[in-house]
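In what follows, a structure is listed as structure tokens, so that the remarks can point back to it.
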Amino acid sequence: MAPSPQSRLRTVVYLAESDAAARDGAAALERVDSGPERTVHPLTTAVVDSLADWASAVDCVVFAETPTTAAGATLLEAAEACGSTPLVLFTRSAYAPAAARSTDGIDGYVRRDTDGAVAHLADEIEWVCAGDRAGAATALPAADADSSSSSDAVETDDTDTAGTTETDAAERRPVADLLAALPGVVACEERDQLFERLVEAAADAVGTECGWLSTVHFGELTPRATTDAVATADLEPIPRDGPFDEALRTGEPIRIDDLAADGRPEPPLKKTESLCCAPVGDVGLLMLSAAEPAAFDDRDRELLAAWARVGAAVLERIETETGLRNDRDRLREELDRATETRDELEAERDDLAAERDRLAAERDRVRALFATVPDPAVHYEIDGGRPVVRDVNNAFSDVFGTEPAAIVDEPLDADPLPPGLERRQATLAEALRAGRRRQLVSRRETVDGVREFRLTVVPLETAGSDGTERDGTTADDPEGLIVYSDVTDANRTERELAAAEARLETVAETLAEDVRTPLNVARGYLELAEETTDPEHFAEVETAQERLRERIEELLAIARRDEAAVETEPVAVTDVARRAWVAVDTDDARLVTREDRVLEADKAQLRELFEHLLQAAVESVDADRNGSDDAAAGDAPIVTVGATDDGFAVTGHPAGTDVTPDGRETTTVPGRLAAADGTGFGLGPIERVADAHGWDVGVATDEETGATFAFRGIGPADVSGD
């Protein structure tokens, strides 16, 4: 008598997206009372690729996801893997029955969002498993011929039927064991954990105590996981050669029934007679061993191969997820660094913006003050490494009589700006380019004549952090102001005070030396006259008093010497110099005069000044003379007298110096002039005349020449005759 379909145990695979959904659905389906008893194995859609290894060993597969969702996108792959095994779609009503009927491979359809949906699912499973499938024994993959022939026989008596049912159950038990272990294997997150579960489940399903998994390491198969019955110390690495290498290269499982008779490979474990192994991808081999020969059959070999393929799929997933996690962690670290850098840049940007605004406000304030500052001022910028005039204020135009259009956008070091700084132009340009605050002295022509100015370089901070361009230059280029402060009167007052102090010192010295002596002499002779009444003593007293009156007259002249006592007239410098040269003992030295200069001066005092000056110039020259009376004129020292930009200068030249008398002297005044005091040239009379006229006097020495005596601050004389 044929068994009723309801009398058979049903084996079902329940597919869902997550482990939790698969477990809950499988448990609910097992609890349904209607229909035959059933065993339901949960499985996730993530391992749908391995479904083909198990589909032929079960009665039905349930796909418990809606195909129109991301979780149900693997429906067609599941249908293809099921082959002839019925597939029931357990879906939401959003996926209509018409769509299910039009999809190849779907044998049943049940809506999940109805009352009693799980019971309907159980009935649908019995309906699709009815008919010829109801009594058929489910064969394992690639079963051997003997097993297939015996399983194809259908007996009609009760005893044979019972035996067939027991055989089916025995054959289905390893598959059920592996399906039960499958969720735990799929849930593994680490390689070692996966290897341990693969070995344990395979050994339990096949019914052997000895199992291990070895991975390829430097040409050897090194044990990574073993069953409890296998001691790690008893299992040594084995070479990757022979059948083991062939299994790894071909991906096919191997079964060796008698290791001793086969001769290779060497038994990897003591008391091992038979061996069954399957490659886990190209990573290693999953091995089972037994102490008796022929302990494994082809069913065990194919089952182990299917289980190894599941392990390879899960291992690939673990490695992929590990790589993704590493990439994710790396990207998160890079994101954190980028976020931190962004925050720092934003904070820096905000700081720079605030600083830019502050500097812009400061610059605008300075520019507003620039227009109203009472002193002449120039606004400059550095363009291409050269200072360029950008603007001048009204005071500049008024004082110097210069139209702004004539100098704006012109180089600052070009004429007519700034005169008087020719020998310090490099210093000025360097200070401007470097943006350093400096003060320089300049004399230049104004609408009121030659005046003395103190130039103050005032760099301005620039709001150039953003690198924006303005007027063809970047904001990082330095800019600033040059302010002209008129110090003519102050310097003149200072010189007058110095002259007054010098006169007072002369009076004090004269009183101490020239007046006290005649007084002492007169007092001494008066005492002698009182004692002797000798008329000669009274004559000496009178002589001493005469000398005292002369000194008093000199003191009065010194004390009263000021500008009011200097009667000036237009005087030619070279004319006075030639007249003074005749009165000075200059031996065989020659006088060379250059371009003349007419100035306002007291002619007698100027001649006295030149007499002392020319003598000092001759004495300063270390002449190379041969001592003969007939020495050539070219072997004599030379003294040059000529005009400078704002005065005149006298220079001594050694013998043999080539001095051209033509052209205006422009290099006789070095950039630095020492004060005349303490030079050792005896310039007291020269300084007094210069002070009386309000002139500056300085002395410079040079290795190639003698001394240079420079007089500055001298304006040209008015010779118009008005």
Side-chain angles (χ1 to χ4, degrees), residues 3-48 50-51 54-79 81-82 84-103 105-131 133-134 138 169 172 175-184 186-187:
S4 171
Q6 285 80 8
S7 64
R8 296 182 63 250
L9 175 68
R10 295 295 187 195
T11 303
V12 181
V13 171
Y14 191 94
L15 279 173
E17 180 185 18
S18 64
D19 291 336
R23 288 195 301 268
D24 294 345
L29 184 58
E30 283 187 344
R31 289 196 299 267
V32 175
D33 295 333
S34 62
E37 185 178 354
R38 64 189 66 82
T39 300
V40 185
H41 301 283
L43 193 66
T44 65
T45 56
V47 293
V48 70
S50 64
L51 182 62
W54 317 106
S56 60
V58 300
D59 294 302
C60 183
V61 176
V62 176
F63 191 88
E65 295 293 344
T66 303
T68 55
T69 63
T74 57
L75 173 62
L76 296 180
E77 298 177 17
C82 286
S84 60
T85 302
L87 174 65
V88 176
L89 181 61
F90 191 38
T91 179
R92 296 186 182 277
S93 57
Y95 193 75
R101 284 193 296 271
S102 64
T103 304
I106 297 179
D107 300 291
Y109 173 87
V110 178
R111 290 183 297 177
R112 296 174 56 187
D113 47 3
T114 60
D115 295 336
V118 179
H120 294 325
L121 176 61
D123 295 339
E124 186 74 3
I125 291 172
E126 288 307 309
W127 183 83
V128 300
C129 292
R133 300 179 60 88
T138 304
R172 299 160 73 90
V175 176
D177 291 343
L178 292 180
L179 286 173
L182 185 60
V186 172

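- Other residues, nucleotides and ligands place more than 12 heavy atoms under 6.0 Å from the CG atom of D113.
- Shortest non-hydrogen contact noted between P67 and T91 is CD-OG1, 3.7 Å.
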Go through it in stages, so that I can follow the logic: the residues are D107 and T85, the test is side-chain contact (heavy atoms from CB on, under 4.5 Å), and I'd like the CA-CA distance, side-chain angles, deciding distance and then a yes or no. CA-CA 9 Å; D107 300 291; T85 302; over 6 Å; no

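- Here the side chain of T74 pairs no donor or acceptor atom with the backbone of E77 at under 3.5 angstrom.
- With hydrogens and angles ignored, the 3.5 Å screen pairs a side-chain donor or acceptor of E65 with a backbone N or O of E17.
- Atoms CD1 and OH, on I106 and Y95 in that order, are 5.0 Å from each other to the nearest 0.5 Å.
- E124 CD to L89 CG: the interatomic distance, rounded to the nearest 0.5 Å, is 10.0 Å.
- Among all heavy-atom pairs drawn from P42 and P183, the shortest one is O-CG, 3.3 Å.
- Minimum interatomic distance between A117 and V110 (heavy atoms only, all atoms of both residues): O-CG1, 3.7 Å.
- Proximity of a side-chain donor or acceptor of R10 to a complementary backbone N or O of D59 within less than 3.5 Å is not detected.
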Any chance you could lay out the side-chain contact (heavy atoms from CB on, under 4.5 Å) test for V47 and T44, step after step, and finish with the verdict? CA-CA 6 Å; V47 293; T44 65; 3.9 Å; yes

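- Atoms CG and NE2, on D115 and H120 in that order, are 7.5 Å from each other to the nearest 0.5 Å.
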Could you walk me through whether V32 and L121 pass the side-chain contact (heavy atoms from CB on, under 4.5 Å) test, one step at a time? CA-CA 9 Å; V32 175; L121 176 61; over 6 Å; no

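- To the nearest 0.5 Å, the span separating CG on L15 from CG on L51 amounts to 5.5 Å.
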Using side-chain contact (heavy atoms from CB on, under 4.5 Å), reason through L75 and L87 one step at a time and then give a plain yes or no. CA-CA 10 Å; L75 173 62; L87 174 65; 4.2 Å; yes

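- Between A22 and Y14, the shortest heavy-atom distance links the atoms O-CD2, 3.7 Å.
- Note that the CG atom of L29 and the CG atom of D24 stand 12.5 Å from one another [nearest 0.5 Å].
- Pairing each heavy atom of A79 with each of G105, the nearest pair is CB-CA, 4.1 Å.
- In this structure, A100 and Y109 approach most closely via the heavy-atom pair CB-CD1, 3.5 Å.
- Rounded to the nearest 0.5 angstrom, T11 OG1 and L179 CG are separated by 8.0 Å.
- Within a 6.0 Å sphere centred on CZ of R92, other residues, nucleotides and ligands contribute 12 heavy atoms or fewer.
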